[in-house]
Protein chains: 2
Amino acid sequence: MKDGPDIAYVASLIGEPVRANMLTALMAGRALTASELAHEAGITLQTASSHLGKLEQGGLLRQRKQGRHKYFSLASGEVAATLEALMGLAVSAGHLRTRPGPKDAALREARVCYNHLAGEMGTRLFGGLVGRGLLVTQDEDVRLSAAGDEFVRAFGIDLDALTAKRAPVCKQCLDWSERRSHLAGSLGRALLDRFEALGWATRDGKSRVVTFSAKGRAGFEGLLAG
Amino acid sequence: MKDGPDIAYVASLIGEPVRANMLTALMAGRALTASELAHEAGITLQTASSHLGKLEQGGLLRQRKQGRHKYFSLASGEVAATLEALMGLAVSAGHLRTRPGPKDAALREARVCYNHLAGEMGTRLFGGLVGRGLLVTQDEDVRLSAAGDEFVRAFGIDLDALTAKRAPVCKQCLDWSERRSHLAGSLGRALLDRFEALGWATRDGKSRVVTFSAKGRAGFEGLLAG
DNA sequence: TTCATAGTTCGATGATAGTCGAACCATTTG
DNA sequence: CAAATGGTTCGACTATCATCGAACTATGAA
């Protein structure tokens, strides 16, 4: 009947294959131009423009103009979380777009989710920080303990800059491959950025895959162990 | 970009208005027959049969035959959680199917989510049980404390029967109206059932609305206070 | 200014998919 | 058994919408 939010409208936006490809591409966290997204999805620029307009109107994308370029990114972490939830359903129903291959394994091990680390490494990181008492969970909220505060600063992250902003510092995000939470929020983003800056991890330019260097793996395990 | 689960397939299933109506109707937790769902969505039985077949094939619905009737229900709590996530997006984008009315307010106060209590009453219940130390949260997991175990039994719930089954007893589920968690899982279901048995609450036959009696409200507040 | 690139708008086309009538199975009831 | 109800399958119709060519605007470079 006619009560509740219009779920069909949003779902139909995501349900078009080309638009789903665009959204999946944007799950990598980088803002992409209309041309890049068109190329990514294998369609012309006119068609892409139409799709992007609908996605923006539906509140799934945000866009900012920069010169003659128009950069698109996911509107919020909630959008990313919903996409992950849909991926979970697709997996459990056995609907993969491709046979599980090497790329699939890499995705499960470590990938970018919007702007933070997901996959096995992501959930291990979350679990490790909680285990060391640096993160404290209460209901569905997460926050840094005093020790965690100190740890984050020592790791080279400007925590004051994060807390100054309105966006939540710590947030949980559910994994389609692991079925466990990993750390989102501005701290989740800052940690992944720091991993990159330290040369621990590199993002693939084309996909969501994150690859860790030998040094990175060692450092990562050190983090978990304390 | 052919990596990852086929999100478009699942989303397009939900994105068809008639199917979305059916899924929303099933969020009330009751299993419904094909005819009932057809009537609910305002279409003929032939069309409904086609839609239901697709939803089942997509892993969103489960069906069981009983005599000459065919009862449909949501396939899992994950499906319900994903639908709630989509509702959250639709709300934040301002896409309601109807103007917020009295029914909307009732839905926000107390409603059925799949098989357990959601809305303000749902999140208050969850928060109250955690506050009294009866429920313990760790990461995204929830479990009963020793005191909680005793409390549940004293409340008249056959806890042994719940734990004997494979399904998780405690589980968190996110609310689109409250943006907080409430209690799902077999215990969440059992609690709502018990509320009904005690005459505390009654479900509306047609919608997801749950209405509490005066006695129910008093008892409910007593639960939270301890 | 002239050229080039990025993006939008419009209109025509074509394919996908939702819809229902009609005929068909299956189960229950009289 | 026959009648009735619940549900499925098939085929034809129709509407929606993604797609792209063509023309247009806007920003940047030479």
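Letters go in sequence order (proteins before strands), and every chain restarts at 1. Bear in mind that the values here come from a model prediction, so they are computed numbers and not experimental data.
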Check your understanding: Would Leu191(A) and His116(A) count as a side chain to side chain contact (heavy atoms under 4.5 Å, CB included) if you check the C-alpha gap in whole Å, the side-chain angles of each, and the deciding distance to 0.1 Å?
Key -> CA-CA 8 Å; Leu191(A) 277 173; His116(A) 52 271; over 6 Å; no
Check your understanding: Within the distance-only criterion (no hydrogens, no angle test), does the side chain of Arg19(A) pair as donor or acceptor with the backbone N or O of Ser12(A) below 3.5 angstrom?
Key -> yes
Check your understanding: Between dT19(D) atom P and Leu45(A) atom CG, what is the distance in whole Å?
Key -> 13 Å
Check your understanding: Looking at dT8(C), dT8(D), dG6(D), which one has an atom nearest to any side-chain atom of Lys70(B)?
Key -> dT8(D)
Review point. Rounded to whole angstrom units, what separation is found between the CZ atom of Phe72(B) and the C1' atom of dG6(D)?
Key: 11 Å
Exercise for review: Let me know which of Phe220(A), Phe195(A), Phe212(A) forms a ring-ring contact (aromatic ring centres under 6.0 Å, His included) with Trp200(A).
Suggested key: Phe195(A)
Check your understanding: Roughly, in whole Å, what's the span from CZ in Arg64(B) to P in dG6(D)?
Key -> 17 Å
**Study point:** Whole-Å distance separating the CD atom of Glu36(A) from the C1' atom of dG7(C)
**Key:** 14 Å
Practice item. Ignoring hydrogens and angles, tell me if any N or O in the side chain of Ser213(A) forms a donor-acceptor pair with the backbone of Gly199(A) under 3.5 Å. Key: yes
Check your understanding: When the distance from CG of Asn21(A) to P of dA18(D) is rounded to whole Å, what number comes out?
Key -> 14 Å
Exercise for review: Write down the distance between NE2 (His39(A)) and P (dG7(C)), rounded to a whole number of angstrom.
Suggested key: 14 Å
Review point. More than 12 foreign heavy atoms under 6.0 Å from CZ of Arg62(A): is that the case here?
Key: no
Revision key, fill the gap. When rounded to whole Å, the CD to P distance for the pair Gln57(B) and dT9(D) reads 11 Å
Exercise for review: Sugar-phosphate atoms are those with a prime plus P, OP1 and OP2; base atoms are the rest. Using that split, label each nucleotide of nucleotides 18-30 of chain C B, S or - for protein heavy atoms under 4.0 Å, 5' to 3'.
Suggested key: SSBBB----BB--
Point to revise | Leu52(A) CG to dT19(D) C1', straight-line distance once rounded to whole Å | key: 15 Å
Practice item. Keeping the roles fixed (side chain from Lys171(A), backbone from Gly188(A)), state whether a donor-acceptor pair exists under 3.5 Å. Key: no
